[in-house]
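Each remark here refers to the structure printed beneath this line.
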Protein chains: 2
Amino acid sequence: MRASDPARTSTRATHQPEDGRLLRGARSRARIREAARALFQERGFDAATLRAIAARAGMGASSIYRHVQSKHELLVLELADLQEEAWLDFRRQDVRATPTRERIQKFFQSQHELLARHPDLTVIAIRATTYPDSRISARVLALNDRTIGLLAEILQGGRAQGDLDPRVDLLAAARALFHAAIGARISWANGLLTESACRTAIEGTVELLFRGLGRAEGSG
Amino acid sequence: MRASDPARTSTRATHQPEDGRLLRGARSRARIREAARALFQERGFDAATLRAIAARAGMGASSIYRHVQSKHELLVLELADLQEEAWLDFRRQDVRATPTRERIQKFFQSQHELLARHPDLTVIAIRATTYPDSRISARVLALNDRTIGLLAEILQGGRAQGDLDPRVDLLAAARALFHAAIGARISWANGLLTESACRTAIEGTVELLFRGLGRAEGSG
DNA sequence: CAATCTATGCGATCCTGTTCGCACACATGC
DNA sequence: GCATGTGTGCGAACAGGATCGCATAGATTG
């Protein structure tokens, strides 16, 4: 087997925590991530060359692959951080008693606010999911699933309070919301939608799903 | 200005229709498309090298760029054909009098049947939309919009027959359906969903949107 | 026919993500 | 201290998509 496998974050049981090599590696990883983040922000993902990232991190390009499986992974790491941030942001201001629809809206707002500042994150993450046999693809999908899970959790709360039709498949609903939001963001990233139009579109989808498309007999 | 611009399909007014050069070009394009289609099918998009496509088409790799802007474009051409086929297939068996929900379901079935045979088409098309400054991205989005338009048209018919709540934004609904379907297909392409599970998921989304998420007072 | 323009084709080359083989540093076991 | 194993780094090389400059065949003009 090859020496180090970038997949695992090292630190085997046999190693002392102050192993010089591991410390060095950890510092390198930190420098790489910092360089990547800065360059993605400055030039965008595609224009941020791996060699440029490496240079800013003070190392050769190939060395990056000791710590990361692919360039996409660098972005996925950012995405994970940002998603965490969006969740914290949401949870901080979430009140479980508010109507479910509003809670969902708030969540998308939190997310949108952060994503709007990092145009690449959404789009390149989507791109990553189009390399089906790469491990990065699975990572992104897992992140997505976590977001979908949070949405489902909110919906679940709504059901418990009788806000929602008890028959609907909440996970399916969460997925639909999530993917619709992504669709809107792709349009935004491609310049077909302004940032606020994108937000409005997402809001519209939420309303749509909540109102229901079919004519509810007795509400027309 | 450069001589030939691959963007336009040549044939300027000044040229006779039997201009030998243009005929030759047309034949080359045909060979390229055939080679690309075959290799995409055999090996998948990523494994189908441009040099291999060129070889099978009987020309040098760089010559392809006389006729096409990028490798992605070769796929988009396939996608456009396939979409046309899906529409024809749908229209052939569509009966306007059937309930709207069923018509929508049928449409997705038509589409799904064709896409299931060409795993790359959906996924790589999505990837293409993640290169925001390329022209291919816009082409794919335009194709998507056409599909969304067709869905909206069906919904419109439903509204005319009183099947649907007159207040909903049909375009937004069409978009939501479309993007939810794409989301399911990405999962399918990544092996998280079997083909039939993917179809079921799409059906579920349609049902969901039609039933409506919010509790319709008087239906529980 | 000569001069010119245009559509097509080609090989060399570039760029960039990624892999490879080797070297070095540190840690561990004898 | 020496052999061995492991974590890290590097430069060279590879692969594949894209670009460039030049060549050629056919069309057009005079």
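Convention: sequence-line order gives letters A, B, ...; per-chain numbering from 1. Bear in mind that the values here come from a model prediction, so they are computed numbers and not experimental data.
- Atom CD1 of A:I136 is separated from atom P of C:dG17 by 15 Å (rounded to the nearest Å).
- The nearest whole Å value for the distance from the CZ atom in B:R24 to the C1' atom in C:dT8 is 6 Å.
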Are any protein N/O atoms closer than 3.5 Å to N/O atoms in nucleotides 14-18 of chain D? If there are, list each pair with its distance.
{"from": "D:dG17", "atom 1": "OP1", "to": "B:K71", "atom 2": "NZ", "distance (Å)": "2.7"}
{"from": "D:dG17", "atom 1": "OP2", "to": "B:L50", "atom 2": "N", "distance (Å)": "2.7"}
{"from": "D:dG17", "atom 1": "N7", "to": "B:R51", "atom 2": "NH1", "distance (Å)": "2.8"}
{"from": "D:dG17", "atom 1": "O6", "to": "B:R51", "atom 2": "NH2", "distance (Å)": "3.0"}
{"from": "D:dA18", "atom 1": "OP2", "to": "B:Y65", "atom 2": "OH", "distance (Å)": "2.5"}
{"from": "D:dA18", "atom 1": "OP2", "to": "B:K71", "atom 2": "N", "distance (Å)": "3.0"}
{"from": "D:dA18", "atom 1": "O5'", "to": "B:Y65", "atom 2": "OH", "distance (Å)": "3.1"}
{"from": "D:dA18", "atom 1": "N6", "to": "B:R51", "atom 2": "NH2", "distance (Å)": "3.4"}

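- Ion pairing between a basic and an acidic side chain is recognised when a charged N comes within 4.0 Å of a carboxylate O; B:E73 and B:R139 show such pairing.
- With respect to A:E153 and A:R96, no salt bridge is recorded, no charged nitrogen being found less than 4.0 Å from a carboxylate O.
- Between B:F107 and B:F90, the ring planes lie perpendicular to each other; the angle is over 60°, past the 30° to 60° tilted range.
- The CD1-P distance, from A:I64 to D:dC10, rounds to 10 Å in whole Å.
- Whole-Å rounding puts the A:R66 CZ to D:dC10 P distance at 11 Å.
- For the pair B:S63 and C:dT8, the criterion of a side-chain N or O lying under 4.0 Å from OP1 or OP2 is not met.
- Geometrically, A:R127 engages B:Y131 in a cation-pi contact defined by less than 6.0 Å to the ring centre and at most 45° from the axis.
- Enclosure of atom CZ in B:R103 by more than 12 non-hydrogen atoms of other residues, nucleotides or ligands within 6.0 angstrom is indicated.
- If you take CG of B:L23 and C1' of C:dT6, they are 15 Å apart, rounded to a whole angstrom.
- At the phosphate of C:dG9, OP1 or OP2 sits under 4.0 Å from a side-chain N or O atom of B:H67.
- Comment: B:R117 does not engage B:E78 in a salt bridge, judged by the lack of any side-chain N to carboxylate O separation of less than 4.0 angstrom.
- Spacing between atom CZ of A:R27 and atom P of D:dG7 amounts to 17 Å, rounded to whole angstrom units.
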